Amino acid sequence: MEKKHAVIIGGSLGGLFTANLLRSIDWEVDVYERVADDLASRGAGIGTHDEMFKTLRRIGISIDETLGVKVSNRIFYDSNGKVIATAVLDRYMSSWARFYRPLKDLLPTSNYHFNKQFTHYTQSSNKITAHFNDHSAVDADLLIGADGIWSAVRNQMYPDTKPLYAGYVAWRGMVNEADIPKNLANEIFTKHTFCLPEGQYMITYPVPGANDDVRPGFRRCNFVWYHPLGLEKLSDICTDDQGKCHGISIPHHLIRADILSEMKATARSIFAPQIADIVDLVKQPFFQSIYDCIPPTITGDKIALVGDAAFLGRPHTGMGTTKAALDAEYLIDALLTSKGNLTEALTDYNQDRSRFGMRVVERGRWLGAHLSAHLTKPKDQRSPEELEHRTPEVSMREFGAHLSDIPELSAIARKH
Ligand SMILES: Cc1cc2nc3c(=O)[nH]c(=O)nc-3n(C[C@H](O)[C@H](O)[C@H](O)COP(=O)(O)OP(=O)(O)OC[C@H]3O[C@@H](n4cnc5c(N)ncnc54)[C@H](O)[C@@H]3O)c2cc1C
């Protein structure tokens, strides 16, 4: 029997999880990525979850202590640099590239196509066709939209569904362990630190260094600072020094020097000095605007959305890549259960993964409610979750919690 063929739009983690799992059930798969060259240089640090490791093992990727830096101790600073609470929670902090590389290496190079920007799809009764901006087209039995937050596949399915700006950005950056003064490194490097002055949310944690190096001395410290920003200021920080506004984001190297100085000065004025020192040491900080998105469905006729292209949660749950892995696994299990009946599998996938996706979005909104409300609502009009009512202990427990500690998510994480 002829193999079924899937075309996957987006060659990041969501696309690669899906591609490898579909191959494991004997589908032919082609991945199309708009970026022209290898994505492994994407440098972001990520928190991980055991559930993603299970998916990696199912694909045949071994998991050992090189997958990230194990962090057990959480510490909470006040703005003066005094530790006001501590907690213990084991987590592996890693990097996006650490998972991208082995997932991509498992795919034959002839099935991963760089520099192919999907523009739209067309359909007939027995196939779906993906079209690209070089005027090429390819037929498939199933089209997977793994093309992230601004998914072109989702946009064609639901032109009116747009990601919603949460009212804040995440400033991010990394500094080499070797470049951090000894005293400071001894105090914070191996820890997951928190500092939450009113309306702000700052964390730091260690991640692997260049080439995924996890040896002491070769790692990096990553910071993520959720910072409320109105739309006018967002457009200002997306404007380069030639006066060109790049929209809602800007290439890192084009962020104006005055914006970086202002950001560092603000960090110095509100955060613990230890954390402001880390921000100061970062040579090229960058920011991402925070959005979430709830599409009406995550499937169409011969179409499935996975990862951020499906439900997009705010990053406070630290589980975007895990959700992408679980979406991919569920889709494959639904195909197995339906014994190849695509319509039945997609109906099943849409029902269950929409429930999971909705709860991920809700949890992200709950964790970020006080940031969204900071610039937009006077205190006396805020709901309880919009007020900063959480204790340091609760903040440390809820941020990037293990999936197994979130019953409403763990109960429906996988197909039963
Ligand atoms: C501040 C911040 C912190 C985060 N921290 C964590 C964390 O600690 N842990 C965690 O698990 N997750 C974290 N995430 C989330 C995580 O980065 C995403 O959930 C994850 O990358 C989603 O993967 P994806 O493959 O669905 O989408 P993406 O990684 O966005 O990939 C989409 C791919 O599609 C390609 N593409 C887009 N359009 C087209 C097109 N038209 N044609 C062809 N290709 C296209 C893109 O180039 C890209 O490669 C964080 C996110 C942010 C913003």
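Predicted, not measured: the structure shown is a model, and the values here were computed from it. Start at 1 and go down the list; that is how both ligands and their atoms are numbered.
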Which option out of [options] puts a heavy atom nearest to [atom]?
atom	options	value
atom 18 (C) of ligand 1	Val306, Ile290, Asp308	Asp308
atom 23 (O) of ligand 1	Ala309, Ser95, Gly14, Gly400	Gly14
atom 30 (O) of ligand 1	Ala325, Gly148, Ser151	Gly148

Glu344: partners by salt bridge (charged side-chain N to carboxylate O under 4.0 Å, His left out), with sequence neighbours left out: none

Short N/O distance, under 3.5 Å, between Glu33 and ligand 1?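 For ligand 1, there is an N or O atom that lies under 3.5 Å from one belonging to Glu33.
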
Just need the protein heavy atom nearest to [atom], so name the residue and atom and give the distance.
atom	answer
atom 50 (C) of ligand 1	Pro315 CB, 3.8 Å
atom 12 (N) of ligand 1	Gly320 N, 3.3 Å
atom 42 (N) of ligand 1	Phe118 N, 3.0 Å
atom 6 (C) of ligand 1	Ile46 CG2, 3.9 Å
atom 29 (O) of ligand 1	Ser12 OG, 2.6 Å

Proximity to ligand 1 by part of [X], non-hydrogen separation under 4.0 Å:
X	value
Asp147	both
Thr321	both
His49	neither
Ala146	backbone
Tyr32	backbone
Arg34	both

Where ligand 1 meets Gly47 - atom numbers and elements under 4.0 angstrom, heavy-atom basis: 7 (C), 8 (O), 9 (N), 10 (C), 11 (O)

Check this for me, if you would: do Arg154 and Asp147 make a salt bridge, where the nitrogen-to-carboxylate-oxygen distance has to be below 4.0 angstrom? no

Candidate list Leu22, Leu142, Asp139, Asp30, test side chain to side chain contact (heavy atoms under 4.5 Å, CB included), partner His5, passing option: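 Running side chain to side chain contact (heavy atoms under 4.5 Å, CB included) over Leu22, Leu142, Asp139, Asp30 with His5 returns exactly one hit, Asp30.
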
Could you check whether His246 and Asp240, counting side-chain N and O atoms only, form a donor-acceptor pair closer than 3.5 Å? yes

Could you tell me whether the side chains of Asn155 and Lys162 share a donor-acceptor contact shorter than 3.5 Å?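 The answer is yes; a qualifying pair exists.
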
Taking the six-membered ring for Trp, are [X] and [Y] parallel (under 30°), tilted (30 to 60°) or perpendicular (over 60°)?
X	Y	value
Tyr291	Tyr165	tilted
Phe399	Tyr201	tilted
Phe194	His192	parallel

Report yes or no: does Met52 have a heavy atom closer than 4.0 Å to ligand 1?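 Contact absent.
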
For atom NZ of Lys4, decide whether the heavy atoms of other residues, nucleotides or ligands shown that lie under 6.0 angstrom number more than 12.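 Check fails, neighbour count at 12 or below.
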
Side-chain donor/acceptor pairs under 3.5 Å, residues 359-369, sequence neighbours excluded:
residue : atom : partner : partner atom : Å
Arg359  : NH1  : Glu408  : O            : 2.9
Arg363  : NH2  : Glu398  : O            : 3.2
Arg363  : NH2  : Glu398  : OE1          : 2.7
Arg365  : NE   : Asp292  : OD2          : 2.8
Arg365  : NH2  : Asp292  : OD1          : 2.9

